[in-house]
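No hydrogens, no waters, no symmetry mates; every other heavy atom, side chains included, goes into these values.
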Amino acid sequence: MESQRMTPRSPRTALEPERMAVPTRRSKRVRHPVVMVGNAIFTVVLLLVVVVGGIVFWGKQRFEAPGPLPAEKIVDIPRGAGIRDISDLLARAGVINEPTVFVAGAVLFKWRGADLKAGEYQFAKEASLRDVVDTLIEGRVVQHHFTIAEGLTSEQAVARLFENDVLSGNIKELPREGSLLPETYRFTRGTTREQLIQRMQQSQQRIVQEIWDHRAPDLPIKSPEQLVILASIIEKETSKPEERTRVASVLVNRLKNRMRLQSDPTIIYGLVGGRGSLGRPINRSEIEQPTPYNTYVIDGLPPGPIANPGRASLEAAAHPARTKELYFAADGTGGHAFADTYEQHQKNVARLRTIEQKESAPLMPPPAAAATPEAASSTGTRNRPAARASPPAPKPQ
């Protein structure tokens, strides 16, 4: 053994291990076909997850990236259009440039129960695909506005409805005078004129009933209909908000004292009806011309409203100022001078005529050119619509 231990070994032999490890045998379970198929399926699924995840990540980036639209644009999505039809329409309009991603996102939202809605939409500059889909799902359609001004007649209001080219359809019949509430109404494209009229009438009925239920207790009117008639006269008599309750007070005091209202706007309505404007001063003969609306001739209120009054005039009619005033005349500044007595009213009228004479003095013809009888018959403060002067009235009996 000593000799063997001392036997010299070559360098290569010295590097080789003295014992070789016995290789282990592969498990029969590893080589089983079921295990091999399972490993293959797992590998494929893993690859699919990685690929799908990459696609989703890429799609999400594209879905939320700024779009191609250079400026705001309105697009009308018709009813019954499918997702692909909508994507083609938006692509042609320049709102989107990746219809496939848009369709995929819209289908995903649809699968979750959210659907794209028809309507007229305004898309912002560089709106992303997500912004576009959210807008269509939430139905954020463009809102248009229509305003009916206080004091318009129903005929004038209908004429303005026909001037609006966003509204559609015809109107079955002229709305009853005083049945429309002057206000600004919001609507979407596709709304018909008849539908908007119905909204105006429903708003008016609601407001009138609300105001009537809280009216002053001692009014000389008996119904909501009479409230609208009185409010329509107030609406036409003054354009100054701060004067409405005082004008209402004068009219209410006259009704209580059984005095005729003697309101110029009622003369005009009796002559031209729903056209609203006479287009010239009232002639003296027309003041005495009997019509159902001429409050210089009839007692009490006219048979119906002479315009569509706004809420402020309805409130004034229901809550007039507490005064003893029976007269008012234009003051030359766009407002009115009020008076308790006929004598004071005469002074107010004389003051107005002095102002008018000073304003018109440079325009007066020379003395040789005398005014014709026709021209003379249409002079006076009550025949000047701009002045809106209430003419003298007899004292209460």
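Leu167 and Val142 fall into different hydrophobic clusters, defined by Ile, Leu, Val, Met, Phe, Trp and Tyr side-chain heavy atoms under 4.5 Å apart, directly or through other members. Two different hydrophobic clusters hold Val228 and Ile298 under the rule that ILVMFWY side chains link at heavy-atom gaps under 4.5 Å. No continuous path of hydrophobic side-chain contacts links Ile74 to Val133 [ILVMFWY only; heavy atoms under 4.5 Å].
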Using a 3.5 Å cut-off and no angle test, enumerate the donor-acceptor pairs between side-chain atoms of residues 152-160 and protein atoms at least two apart in sequence or in another chain.
{"unit_1": "Thr153", "atom_1": "OG1", "unit_2": "Gln156", "atom_2": "N", "d": "3.2"}
{"unit_1": "Thr153", "atom_1": "OG1", "unit_2": "Gln156", "atom_2": "OE1", "d": "3.4"}
{"unit_1": "Thr153", "atom_1": "OG1", "unit_2": "Gly274", "atom_2": "O", "d": "2.4"}
{"unit_1": "Ser154", "atom_1": "OG", "unit_2": "Pro175", "atom_2": "O", "d": "3.4"}
{"unit_1": "Ser154", "atom_1": "OG", "unit_2": "Arg176", "atom_2": "O", "d": "3.3"}
{"unit_1": "Ser154", "atom_1": "OG", "unit_2": "Glu177", "atom_2": "OE2", "d": "3.4"}
{"unit_1": "Ser154", "atom_1": "OG", "unit_2": "Asn308", "atom_2": "ND2", "d": "3.4"}
{"unit_1": "Gln156", "atom_1": "OE1", "unit_2": "Thr153", "atom_2": "N", "d": "2.9"}
{"unit_1": "Gln156", "atom_1": "NE2", "unit_2": "Arg275", "atom_2": "O", "d": "3.0"}
{"unit_1": "Arg160", "atom_1": "NH1", "unit_2": "Gln156", "atom_2": "O", "d": "3.3"}

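Remark: Lys125 does not engage Glu72 in a salt bridge, criterion side-chain N to carboxylate O under 4.0 Å. Using a cutoff of 4.0 Å between basic side-chain nitrogens and carboxylate oxygens, Arg246 and Glu325 are scored as salt-bridged.
Glu242 CD: more than 12 foreign heavy atoms inside a 6.0 Å radius. Within a 6.0 Å radius of NZ in Lys347, no more than 12 heavy atoms belonging to other residues, nucleotides or ligands are found. Enclosure of atom NE2 in His145 by more than 12 non-hydrogen atoms of other residues, nucleotides or ligands within 6.0 angstrom is indicated.
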Salt bridge (charged side-chain N to carboxylate O under 4.0 Å, His left out) between Asp218 and Arg322, worked out: CA-CA 11 Å; Asp218 58 344; Arg322 298 290 180 176; 2.8 Å; yes
Salt bridge (charged side-chain N to carboxylate O under 4.0 Å, His left out) between Arg351 and Glu356, intermediate numbers included: CA-CA 9 Å; Arg351 188 180 303 114; Glu356 291 176 336; over 6 Å; no
Criterion side chain to side chain donor-acceptor pair (under 3.5 Å) on Asp331 and Thr333, from CA distance to verdict: CA-CA 6 Å; Asp331 61 5; Thr333 65; 2.8 Å; yes
Side chain to side chain donor-acceptor pair (under 3.5 Å) assessment of Asp264 paired with Tyr296: CA-CA 8 Å; Asp264 288 4; Tyr296 283 83; 2.7 Å; yes
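Counting only distance, with no hydrogens or angles, the side chain of Thr135 and the backbone of Asp131 share a donor-acceptor pair below 3.5 Å. Remark: the backbone N or O of Thr188 is paired with a side-chain donor or acceptor of Thr191 at under 3.5 angstrom. With Arg254 contributing its side chain and Arg260 its backbone, the two residues share a donor-acceptor pair below 3.5 Å. Without hydrogens or angle criteria, Asn294 side chain to Pro290 main chain gives no donor-acceptor distance under 3.5 Å. Counting only distance, with no hydrogens or angles, the side chain of Glu315 and the backbone of Ile211 share no donor-acceptor pair below 3.5 Å. Remark: the backbone N or O of Met259 is not paired with any side-chain donor or acceptor of Asn257 at under 3.5 angstrom. Of the possible donor and acceptor atoms, one in the side chain of Ser249 sits under 3.5 Å from a partner among the backbone N and O of Ala321. Judged purely by atom type and a 3.5 angstrom limit, His214 has no side-chain atom pairing as donor or acceptor with the backbone of Ala318. At least one donor-acceptor pair closer than 3.5 Å links the side chain of Arg193 to the backbone N or O of Leu161. No donor-acceptor pair closer than 3.5 Å links the side chain of Arg215 to the backbone N or O of Leu227.
With contacts defined as side-chain heavy-atom distances shorter than 4.5 Å, the pair Ser277/Val272 does not qualify. When side chains are defined from C-beta on, Glu235 counts as touching Arg244, because their heavy atoms get closer than 4.5 Å. Contact of the Asn348 side chain with the Leu352 side chain is not registered, since no non-hydrogen atoms from C-beta on lie closer than 4.5 Å. Side-chain contact check for Thr245 versus Pro320: every heavy-atom pair is 4.5 Å or farther apart.
Every pair tested for ring pair (Phe, Tyr, Trp, His ring centres under 6.0 Å) that includes a residue from residues 118-139 fails, sequence neighbours excluded, so the list is empty.
Centroid-to-centroid, the aromatic rings of Tyr269 and Tyr293 come within less than 6.0 Å.
Interatomic distance, CG of Leu314 versus NE2 of His319, reported as 10.5 Å (0.5 Å rounding). Going from atom CD of Gln195 over to atom OH of Tyr185 covers 14.5 Å, rounded to the nearest 0.5 Å. Rounding to the nearest 0.5 Å gives a distance of 11.0 Å between CD1 of Ile96 and CG of Leu69.
Using cut-offs of 30° and 60° on the angle between ring planes, the pair Phe338 and Phe328 is tilted.
Partner Arg311 forms a side-chain hydrogen bond (donor to acceptor under 3.5 Å, both in side chains) with one of Glu210, Glu150, Gln204 and no other, that one being Glu210. Under the side-chain contact (heavy atoms from CB on, under 4.5 Å) test applied with Tyr327, the options Gln262, His336, Gln344, His345 reduce to a single match, His345. Paired with Ser179 under the rule side-chain contact (heavy atoms from CB on, under 4.5 Å), one option of Met200, Gln205, Gln201 passes, and it is Gln201.
Residues forming a ring pair (Phe, Tyr, Trp, His ring centres under 6.0 Å) with Phe102 (at least two apart in sequence, or on another chain): none.
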